[in-house]
Engineer: 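Take a look at this one; I'll ask things after.
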Amino acid sequence: MNERHPYARRTVGARLGRLSLAAALTAALALPALGSAQETQEIWWDQSDPRIGLGAGWMDAEEASWNMRLLSNTPRPAGFYDGENLGNLNLANSDLAFQGDLVVVGNFTGFMIYDVSDPMNPVLRSSVLCPGGQGDVSIYGNLVFMSVEQTRGRIDCGPEGAPGPVNPERFRGIRIFDISNLEAPEQVAAVQTCRGSHTHTLLEDPNDPDHIYVYNSGAAGVRPGEELEGCEPRGPDEVEDLTSLFRIEVIRVPLEAPQDAAIVSQPRVFADEATGDVAGLWPGGPHGEGTQRSAPTNHCHDITIYPHLGIAAGACSGNGILFDISDPVNPVRIDEVIDENFAYWHSATFNNDGTTVIFTDEWGGGTSPRCRATDRPEWGANAIFSIRNGRMHRTSYFKLPVPQTDTENCVAHNGSLVPVPGRDIKVQAWYQGGISVFDFTDPSNPFEIAYFDRGPLSDEQLFTGGHWSAYWWNGRIYGAEIARGLDILELEPSEHLSQAELEAAKLVTFYEFNPQHQPFMTWPPEMVVARAFYDQLARHDGLPSQRLNAVRAEMDRIEGLSGAAQRSALSDLAVELWGDARRVSTGEVTGDEGRIRALAGSLLEIAGAVSSQ
């Protein structure tokens, strides 16, 4: 049985903002003057946005939502929260991993496993106390992987910590647990690394089915060689390529003997291609007057792999990097970019066809208020890049389109795609800025289509909280709330997202899903997918209204047919639509050629799948 904290939830629906224009301006002007503030305050947000002025509280904060609804909230169990200190980061929830009906919730002091087969009432199956932070998790078969970087981590998971500058009991790296017995997970491996593990990425090698590989991203300081042989804290200016900085680790895990997991390579992915200097990318510092100070590129924070295309996107402190991972043990840098508005390259998400990649900027480290009215919209935001011929080109930025208060830590953080066919949509966590869903199908014009938010933990003091991550998983959105537990939400039909589009998205399912491991999405040849493409065509006035009505009527008629008659009618309609697309391309009529062709192609796929009987 889950331990639940009694509280009364106050929900705020579509209402006028609590702050009047005068009050909003007064609040904005009362904020401390920072280098990040614009000299002239502009009202860039909708002043009636229900997220403005939400009441504060721990488990009783006010809520606002638009085009999505909260199904359940499951607070952290005993041992994973501190009622006297809501901002205790040593007990913060971190990332999520998914398998079947299970959700693994990482925490700075261990992890929890929930059965979410009933999304209205998740059931806690296991909780493992194993301090070390930040506790990012992945799951593969019966194995759970957890990142550990804090110096308090111990090999034996003990709570007493590991004091002193050198401690033989200290653990920093990747823990591996066997969860064959869900009620009693067992640590079976602990791979030590020089900088610990801030995050990690699981990767399969199709040529090596007996192993799973782990890309380890260590972001903390280097431990002394006296504690772990081979570790060298000094930089390349002093010890050249002996430094433990400027690299990632690749760990190989034998699936039949995970206790033998070990580091098999430490690629120098930041090296200068001409000179071989290991510190070959952004050195750190500002890009010029009025720009952001970007961190030096001596590690990656996240590496998001896209195995379908054999590529990865590394968010690597001072650079965004595109990798070739066709050889998992030896990733190769393809391209790198800098951004004068980024403080710290944090995470990345590809669109499904790999032509766009989103990088996030964790300005302020996730513990600072960076979504205030006076904060620049390009700072602490998403940067959206188009990928052409292996090169990345920035097209736009997207940031939470409503200001947060100075007691709410807020910046772009973790998220995933929402699998709507024909569109690029991402759900994303913004810490105490809540969860936002936005469309970036046109990478130069992203826009928000749904959100869920709560008021701050306190309106007097900043406590670190909010959503660490938010992911779409088999039809629902799951959010890891740092201080308030596990949220399960679902999107609702709206002017921006039709019922058919949502139903089509729910057709895409995976047995496992891990952060930084992006699966390729495909849709079955079903009529609801075609209706999703039709809705997109209609939303964009892709054909004259009379023709749209005729197409919809024919689709309705076709659904009542079967066998050869249905296949023939589907093919005929597809051919007619190809004709419409050609007339648009030649300028005979106006319309949206791409969306017409997408609908025609979907109908043709359905025709190919229809039985001839």
Side-chain angles (χ1 to χ4, degrees), residues 76-80 90-116 122-150 152-162 169-193 196-204 210-218 249 251-263 468-469 480 486 511-517:
R76 293 170 291 172
F80 290 85
N90 283 334
L91 294 166
N93 278 347
S94 56
D95 223 338
L96 302 172
F98 305 84
Q99 183 187 85
D101 289 327
L102 301 178
V103 175
V104 185
V105 182
N107 185 284
F108 275 58
T109 201
F111 65 90
M112 296 143 275
I113 303 177
Y114 290 93
D115 183 330
V116 295
V123 176
L124 182 65
R125 293 293 304 275
S126 185
S127 60
V128 176
L129 291 169
C130 188
Q134 58 182 21
D136 281 12
V137 288
S138 295
I139 188 168
Y140 189 88
N142 290 325
L143 300 177
V144 165
F145 299 76
M146 184 170 72
S147 287
V148 181
E149 72 173 358
Q150 293 178 322
R152 67 181 176 129
R154 292 177 56 88
I155 296 171
D156 63 3
C157 286
E160 61 269 35
E169 300 304 317
R170 177 172 290 132
F171 178 76
R172 297 171 65 202
I174 297 286
R175 298 191 194 272
I176 305 176
F177 293 85
D178 186 326
I179 60 166
S180 299
N181 180 355
L182 276 177
E183 278 66 38
E186 176 186 3
Q187 182 175 258
V188 294
V191 182
Q192 298 269 21
T193 65
S197 177
H198 194 70
T199 71
H200 66 269
T201 307
L202 297 190
L203 174 62
E204 293 176 309
D210 296 329
H211 297 85
I212 186 75
Y213 289 83
V214 184
Y215 285 168
N216 179 59
S217 298
E249 288 99 3
I251 299 168
R252 182 163 54 204
V253 183
L255 294 175
E256 296 299 321
Q259 67 274 11
D260 296 332
I263 296 172
W468 181 285
S469 53
L486 174 66
Y511 178 63
E512 288 179 343
F513 176 78
N514 287 305
Q516 304 177 50
H517 187 294

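This is a predicted model, so every value here is computed, not measured.
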Engineer: Could you tell me which non-hydrogen atom of Thr193 sits nearest to which non-hydrogen atom of Gly173, and how far apart they are?
Structural biologist: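 In this case the closest contact between Thr193 and Gly173 is OG1-CA, 3.7 Å.
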Engineer: Identify the two heavy atoms, one from Pro131 and one from Arg152, that lie closest to each other, and give their separation to 0.1 Å.
Structural biologist: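 Minimum heavy-atom separation between Pro131 and Arg152: CB-NH1, 3.4 Å.
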Engineer: Would you say the side chain of Cys130 lies within less than 4.5 Å of the side chain of Thr109, judging by non-hydrogen atoms?
Structural biologist: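 No, side chains not in contact.
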Engineer: Please determine whether side chain to side chain donor-acceptor pair (under 3.5 Å) holds for the pair Asp136 and Thr199, giving the CA-CA distance in whole Å, both sets of side-chain angles, and the decisive distance to 0.1 Å.
Structural biologist: CA-CA 6 Å; Asp136 281 12; Thr199 71; 5.3 Å; no
Engineer: I'd like to know if the side chain of Gln134 and the backbone of Glu149 have a donor-acceptor N/O pair within less than 3.5 Å.
Structural biologist: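 Not a single qualifying donor-acceptor pair exists.
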Engineer: Would you name the heavy atoms of Gly153 and Val148 that are closest together and state the gap between them?
Structural biologist: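 Gly153 and Val148 have their closest heavy atoms at CA-CG1, 4.5 Å.
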Engineer: Do side-chain atoms of Asn216 reach the backbone of Gly196 as a donor and acceptor pair under 3.5 angstrom?
Structural biologist: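 Answer holds: yes.
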Engineer: CD/Gln187 to CZ/Arg175 distance, rounded to the nearest 0.5 angstrom?
Structural biologist: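 Separation between the atoms: 5.0 Å.
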Engineer: If you take all heavy atoms of Gly110 and Met146, which pair is closest and at what distance?
Structural biologist: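 For Gly110 and Met146, the tightest heavy-atom pair comes out as O-SD, 3.8 Å.
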Engineer: Do Gln192 and Ile155 come close enough that some side-chain heavy atom pair is under 4.5 Å?
Structural biologist: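 Touching, per the 4.5 Å side-chain cut-off.
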Engineer: Decide yes or no on side-chain contact (heavy atoms from CB on, under 4.5 Å) for Phe171 and Arg154, but give the supporting numbers first.
Structural biologist: CA-CA 5 Å; Phe171 178 76; Arg154 292 177 56 88; 5.7 Å; no
Engineer: Do Ser138 and His517 have side chains that get closer than 4.5 Å, going by heavy atoms?
Structural biologist: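 Side-chain contact under 4.5 Å: no.
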Engineer: Hey, can you tell me if Phe111 and Phe177 have their rings parallel, tilted or perpendicular (30° and 60° cut-offs)?
Structural biologist: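 Ring orientation of Phe111 relative to Phe177: perpendicular.
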Engineer: Over all heavy atoms of both residues, which pair between Ile176 and Ala261 is shortest? Give the atoms and the distance, please.
Structural biologist: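 Nearest heavy atoms, Ile176 then Ala261: CD1-CB, 3.9 Å.
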Engineer: Less than 4.5 Å apart, any side-chain heavy atom of Tyr140 and any of Leu255?
Structural biologist: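 The answer is yes, as the side chains (C-beta and beyond) meet within the 4.5 Å cut-off.
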Engineer: Do Leu202 and Val214 have side chains that get closer than 4.5 Å, going by heavy atoms?
Structural biologist: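 Result yes, sub-4.5 Å side-chain heavy-atom pair found.
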Engineer: Have Gln150 and Asn90 got a donor and an acceptor in their side chains that come within less than 3.5 Å?
Structural biologist: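 Their side chains do contain a donor-acceptor pair, which is all the 3.5 Å distance test asks for.
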Engineer: Any donor-acceptor pair under 3.5 Å linking the side chain of Asn93 with the backbone of Asn107?
Structural biologist: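 No, the answer is negative, given that no donor and acceptor are paired below the 3.5 Å cut-off.
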Engineer: Parallel, tilted or perpendicular: which describes the rings of Phe108 and Trp468, with under 30° parallel and over 60° perpendicular?
Structural biologist: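 Perpendicular: the ring planes of Phe108 and Trp468 meet at over 60°.
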Engineer: In Å, rounded to the nearest 0.5 Å, how long is the span from OH of Tyr213 to CD1 of Ile251?
Structural biologist: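 If I round to the nearest 0.5 Å, the distance is 12.5 Å.
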Engineer: Does any part of the side chain of Phe145, heavy atoms only, come nearer than 4.5 Å to the side chain of Ile212, both counted from C-beta?
Structural biologist: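 Heavy-atom side-chain distance check passes, below 4.5 Å.
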Engineer: Please list, chain by chain and in numerical order, all residues satisfying side chain to side chain donor-acceptor pair (under 3.5 Å) with Arg172, sequence neighbours excluded.
Structural biologist: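 Once residues adjacent in sequence are excluded, Arg172 has no partner under the side chain to side chain donor-acceptor pair (under 3.5 Å) criterion.
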Engineer: Return the minimal non-hydrogen interatomic distance between Glu512 and Gly141, and the atom names on each side.
Structural biologist: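 Scanning both residues completely, I find the closest heavy atoms to be OE2-N, 2.8 Å.
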Engineer: May I ask you to test the Ile139-Ile179 pair for a side-chain heavy-atom distance under 4.5 Å?
Structural biologist: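 A side-chain contact exists here, since the closest heavy-atom pair is under 4.5 Å.
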Engineer: Taking ring pair (Phe, Tyr, Trp, His ring centres under 6.0 Å) as the test, write out the residues that go with His198, two or more places apart.
Structural biologist: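 Once residues adjacent in sequence are excluded, the partners of His198 under the ring pair (Phe, Tyr, Trp, His ring centres under 6.0 Å) criterion are His301.
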Engineer: Run the salt bridge (Lys or Arg N to Asp or Glu O under 4.0 Å) test against Glu249 and tell me which residues pass, sequence neighbours left out.
Structural biologist: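 Glu249 satisfies salt bridge (Lys or Arg N to Asp or Glu O under 4.0 Å) with Arg247 once adjacent residues are dropped.
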Engineer: Less than 4.5 Å apart, side chain to side chain, heavy atoms only: is that true for Glu183 and Arg125?
Structural biologist: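 Side-chain contact under 4.5 Å: yes.
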Engineer: Hey, what do you get for CD (Gln99) to CG (Asn142), rounding to the nearest 0.5 Å?
Structural biologist: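 So the CD of Gln99 and the CG of Asn142 are separated by 7.0 Å.
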Engineer: What is the distance from atom CG of Leu203 to atom NE2 of His211, rounded to the nearest 0.5 Å?
Structural biologist: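 One finds 13.5 Å between CG of Leu203 and NE2 of His211.
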Engineer: Ignoring hydrogens and angles, state whether a donor on the side chain of Ser469 or Asp95 is under 3.5 Å from an acceptor on the partner side chain.
Structural biologist: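 Yes - a donor-acceptor pair under 3.5 Å links their side chains.
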